[in-house]
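Quantities reported herein were computed from a predicted structural model and do not represent experimental measurements.
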Amino acid sequence: EGVEEPSVWAKTFEEAGFRVGVHKETFTVSMNRATWVQMTKDRFWSCFAPLEDSEIEEGVAWMQDNLSATVTFDEVEQYIVARKPEMPGPSTL
């Protein structure tokens with residue numbers, strides 16, 4: 001299972017009558033490995049929810065063996081902003 005591309009959701013909103021914008025933001029994240037490991041164990045990201053405990057522990061073991069003391073990466077987030085055009089009010093009917 002994957003996450004739908006923002007364009008799929010944008011099209012759905014547009015078909016429902018919304019004005020839609022899709023924006024991508026990228027920023028650098030840096031944290032110590034212990035924090036990253038704990039976030040993984042806590043299933044901070046929803047994509048980890050279906051994993052078995054043993055799969056999480058296997059990933060944690062890999063991180064502890066392979067990642068430096070500080071983990072740094074570029075986080076990319078995509079935002080969909082949808083606005084419903086104004087509906088006519090009682091005075092304009």
Side-chain angles (χ1 to χ4, degrees):
E1 280 182 45
V3 175
E4 297 289 345
E5 287 295 317
S7 60
V8 172
W9 291 105
K11 181 179 177 190
T12 301
F13 280 117
E14 286 171 349
E15 290 171 351
F18 287 83
R19 291 180 301 156
V20 180
V22 178
H23 308 280
K24 182 168 86 171
E25 299 288 336
T26 302
F27 55 93
T28 300
V29 175
S30 186
M31 69 180 74
N32 66 52
R33 183 180 59 222
T35 300
W36 181 257
V37 165
Q38 190 60 52
M39 290 172 73
T40 301
K41 287 180 177 181
D42 292 341
R43 291 177 166 79
F44 179 79
W45 300 274
S46 60
C47 61
F48 289 167
L51 297 177
E52 299 290 332
D53 289 345
S54 60
E55 293 172 299
I56 294 287
E57 288 305 320
E58 182 180 331
V60 164
W62 183 91
M63 288 187 279
Q64 290 172 332
D65 290 344
N66 293 282
L67 296 181
S68 63
T70 301
V71 177
T72 302
F73 60 92
D74 286 334
E75 173 76 3
V76 179
E77 297 184 1
Q78 297 191 59
Y79 300 92
I80 302 169
V81 179
R83 292 185 177 88
K84 189 74 167 174
E86 294 297 319
M87 301 281 293
S91 62
T92 60
L93 292 178

Residues Glu52, Glu57; criterion side chain to side chain contact (heavy atoms under 4.5 Å, CB included); working and verdict: CA-CA 9 Å; Glu52 299 290 332; Glu57 288 305 320; over 6 Å; no
Does Val76 belong to the same Ile/Leu/Val/Met/Phe/Trp/Tyr cluster as Met31, with side-chain heavy atoms less than 4.5 Å apart forming each link?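 Hydrophobic grouping puts Val76 apart from Met31.
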Do Val20 and Val81 sit in the same hydrophobic cluster, where Ile, Leu, Val, Met, Phe, Trp and Tyr count as joined when their side-chain heavy atoms come under 4.5 Å apart?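 Hydrophobic grouping puts Val20 apart from Val81.
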Please round to the nearest 0.5 Å and tell me the distance separating atom OG1 of Thr72 and atom CG of Leu67.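 Thr72 OG1 to Leu67 CG: 10.5 Å, rounded to 0.5 Å.
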Is any side-chain heavy atom of [Y] closer than 4.5 Å to one of [X]?
X: Ser7; Y: Val22; answer: no
X: Glu25; Y: Glu75; answer: no
X: Gln38; Y: Phe44; answer: no
X: Phe48; Y: Glu55; answer: no

Phe13 atom CZ: more than 12 heavy-atom contacts under 6.0 Å: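 Not buried by this count: 12 neighbours or fewer within 6.0 Å.
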Is it the case that atom CD in Glu77 sees more than 12 heavy atoms from other parts of the structure closer than 6.0 Å?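 Atom CD in Glu77 is crowded, with more than 12 foreign heavy atoms closer than 6.0 Å.
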Give a yes-or-no answer on whether the side chains of Asp74 and Thr28 include a donor-acceptor pair shorter than 3.5 Å.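 Checked: Asp74/Thr28 side chains pair up, N/O donor to acceptor below 3.5 Å.
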Using only atom types and a distance under 3.5 Å, with no angle test, would you say the side chain of Arg43 pairs donor to acceptor with the backbone of Leu51? yes
Heavy atoms only: give me the nearest [X]-[Y] pair and the separation to one decimal.
X: Val71; Y: Arg33; value: CG2-CA, 3.9 Å
X: Pro85; Y: Gly17; value: CD-O, 2.9 Å
X: Ile80; Y: Ala10; value: CD1-N, 4.5 Å
X: Pro6; Y: Gln78; value: CG-OE1, 3.0 Å

Please assess Trp36 against Trp45 for the test ring pair (Phe, Tyr, Trp, His ring centres under 6.0 Å), listing each intermediate value before the final yes or no. CA-CA 11 Å; Trp36 181 257; Trp45 300 274; 5.0 Å; yes
